[in-house]
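Have a look at the structure below before the remarks.
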Protein chains: 2
Amino acid sequence: MAMATAESERPARVSGIDKIERRRIALAESALKTLGELGYARTSLREIANNSEFTHGVVHYYFRDKIDLISYCVRYYKTKCARRYDEVVETAGSGDELVTGFLAKMIQTLVEETPMHKLWYDLRAQSMFEEQLRPDVEAIDQLLEEMIWRILSRYADLTGTAPTVDAPTAYALVDGLFEQAVVGYAANPDKTPDLLTDRLLQVLPKLVAA
Amino acid sequence: MAMATAESERPARVSGIDKIERRRIALAESALKTLGELGYARTSLREIANNSEFTHGVVHYYFRDKIDLISYCVRYYKTKCARRYDEVVETAGSGDELVTGFLAKMIQTLVEETPMHKLWYDLRAQSMFEEQLRPDVEAIDQLLEEMIWRILSRYADLTGTAPTVDAPTAYALVDGLFEQAVVGYAANPDKTPDLLTDRLLQVLPKLVAA
DNA sequence: GACTTTGTTTGACACTTGTCAAGAAATCTC
DNA sequence: GAGATTTCTTGACAAGTGTCAAACAAAGTC
């Protein structure tokens, strides 16, 4: 019973670490589901535990505190989302094909993973008030910026042009449109995907030039 | 004791409704101050009351419940922010002058009213989870969109061009850049204003064409 | 087998939250 | 002035929070 307040002490067992990591992932996945539905502010550790196969005590066995859990969730989440368009970027043979594939994937994730995107914008807002979230949020933002930049660069390549904005600008623009769509999706799930497509089609060509 | 003497501050007689409205505004202003600092999630009614000259019971005398207060705050806030650039739009005599004035005002509000902007992005995120906030948030979004559109239209006029994107698109783009700046301002208050200026200068000309 | 380590449940703690109500104080009405 | 009305304070409430720790179960080790 010496480890009740688990500091930086680690159970020195390799297979154990693996098992621990597995549990943490399971907890994180469950937490992400709840977080995506309720948002950061309204999600409690008990609620997370309730929507999982574990009890609320287990959460504290695997995570130091709430921020530690959320932090882990955010980091886990980021590994799943920033490579979403890689295949499209690599396989597209023309500018049009790239744009089409990119838009299709973006609409797909907007529709199928709405809760995750809502959570992301929520967490980014929370990071303005909760310093502990900032590093993780910044890291994801960086990843997303690079993701957009890969797409824009490739698009320029395929169309024999060059980007006319830098990476942070391109990301902010596309992200602005996407966030607008995520927010609007709640009120208008039917129209929103087409609107987003339309708007991106307006904008993308303006971000490159010969 | 203090009764007979100085009453310089107290308005002698105000009609009941007016007085109530005055109190609500005072409460709202106090609440906005606290909300801007702590964010929606971490702001309690008691905290609001503590940072004001009232006690926590008064809040419930003037507002039905918490959402009623926040709602009122949001509506009060919106009346103060969406006309921020009107003077610039009306007085600018050339495209350059308009852009310069617009950028100056935007940087100014970014720096001087950071908490309000943080709160706004927080509240917009919360509205995705809390339905009662949605109507107010939508109304503000609409106002901001119109504000941006007035600027872009005028800019087009002054430069003998026409906008090449529609109003929602223009708003999403500018808002994406501004939100990026608000989030970044916490980590990097020195560089951020210049970066935002630079990025807007990159983008604005692309939103009009002859 | 018995013993130790690891994992889990359960229940408690101290605290904060929104809400409300009873009464005090100030204000208004006559 | 006295009485009625509005405004405010205070204290309480039930519910929910993060956190922790002691009892319990399981698994691993000798």
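Chain letters run A, B, ... following the sequence lines, proteins first, then strands; residues in each count from 1. All values below were derived from every heavy atom in this structure, side-chain atoms included, with hydrogens, water molecules and symmetry-related copies excluded.
For A:R42, the side-chain contact (heavy atoms from CB on, under 4.5 Å) partners are A:L38, B:Y40, B:Q126, B:F129, B:E130, not counting sequence neighbours.
Rounded to whole Å, atom P of C:dG7 lies 14 Å from atom CZ of A:F63. Distance, A:I48 CD1 to D:dT19 C1': 14 Å, rounded to whole Å. When the C1' atom of C:dT5 is taken as reference, atom CD1 of A:I20 falls 12 Å away, rounded to whole Å. If you take NE2 of A:H60 and C1' of D:dT17, they are 11 Å apart, rounded to a whole angstrom. Note: NZ (B:K66) to C1' (C:dT17) measures 8 Å, nearest angstrom.
For residues 48-67 of chain B, the side chain to side chain donor-acceptor pair (under 3.5 Å) pairs, not counting sequence neighbours, are B:T34-B:N51.
At its two ends the helix from C:dG1-D:dC30 to C:dC30-D:dG1 runs along axes set 0° apart, each axis drawn from five pairs and the angle rounded to 10°.
Closest to the side chain of B:R46, out of C:dT19, D:dG18, D:dT7, is C:dT19. For B:D65, counting side-chain heavy atoms from C-beta on, the closest listed nucleotide (C:dT19, C:dG7, D:dG18) is C:dT19.
Looking at A:K78 and A:D136, no side-chain N of the basic residue comes within less than 4.0 Å of a carboxylate O on the acidic one, giving no salt bridge. The pair A:K80-A:E113 does not count as a salt bridge, with every side-chain nitrogen at least 4.0 angstrom from each carboxylate oxygen.
Screening B:R150, B:K105, B:R154 for a salt bridge (Lys or Arg N to Asp or Glu O under 4.0 Å) involving B:D86 leaves a single residue, B:R150.
In this structure, A:Y62 reaches the C:dT8 phosphate: one of its side-chain N or O atoms is under 4.0 Å from OP1 or OP2. Distances shorter than 4.0 Å separate none of the side-chain N or O atoms of A:Y61 from OP1 or OP2 on C:dT8.
The stretch residues 50-59 of chain B comes close to DNA chain D through B:T55, B:H56, B:G57, B:V58, each having a heavy atom under 4.0 Å from the strand. Residues from residues 23-45 of chain A that place a heavy atom under 4.0 Å from any atom of DNA chain D, listed by number: A:S44, A:L45.
Inter-residue side-chain proximity for B:F63 and B:S71 is flagged as unmet; no heavy-atom pair is nearer than 4.5 Å. A 4.5 Å side-chain heavy-atom check between B:L123 and B:I140 finds every atom pair outside the cut-off.
A:E29 CD: more than 12 foreign heavy atoms inside a 6.0 Å radius. Counting heavy-atom neighbours within 6.0 Å of A:E131 CD, excluding the residue itself, gives a total of 12 or less.
Listed for the A:T79 side chain is a donor-acceptor partner under 3.5 Å among the backbone atoms of A:Y76.
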Which donor-acceptor pairs under 3.5 Å do the side chains of residues 174-189 of chain A make with protein atoms, sequence neighbours left out?
{"unit_1": "A:D175", "atom_1": "OD1", "unit_2": "A:Y121", "atom_2": "OH", "d": "2.7"}
{"unit_1": "A:D175", "atom_1": "OD2", "unit_2": "A:R124", "atom_2": "NH1", "d": "3.1"}
{"unit_1": "A:D175", "atom_1": "OD2", "unit_2": "A:R124", "atom_2": "NH2", "d": "2.9"}
{"unit_1": "A:Q180", "atom_1": "OE1", "unit_2": "A:R199", "atom_2": "NH1", "d": "3.0"}
{"unit_1": "A:Q180", "atom_1": "NE2", "unit_2": "B:P168", "atom_2": "O", "d": "3.1"}

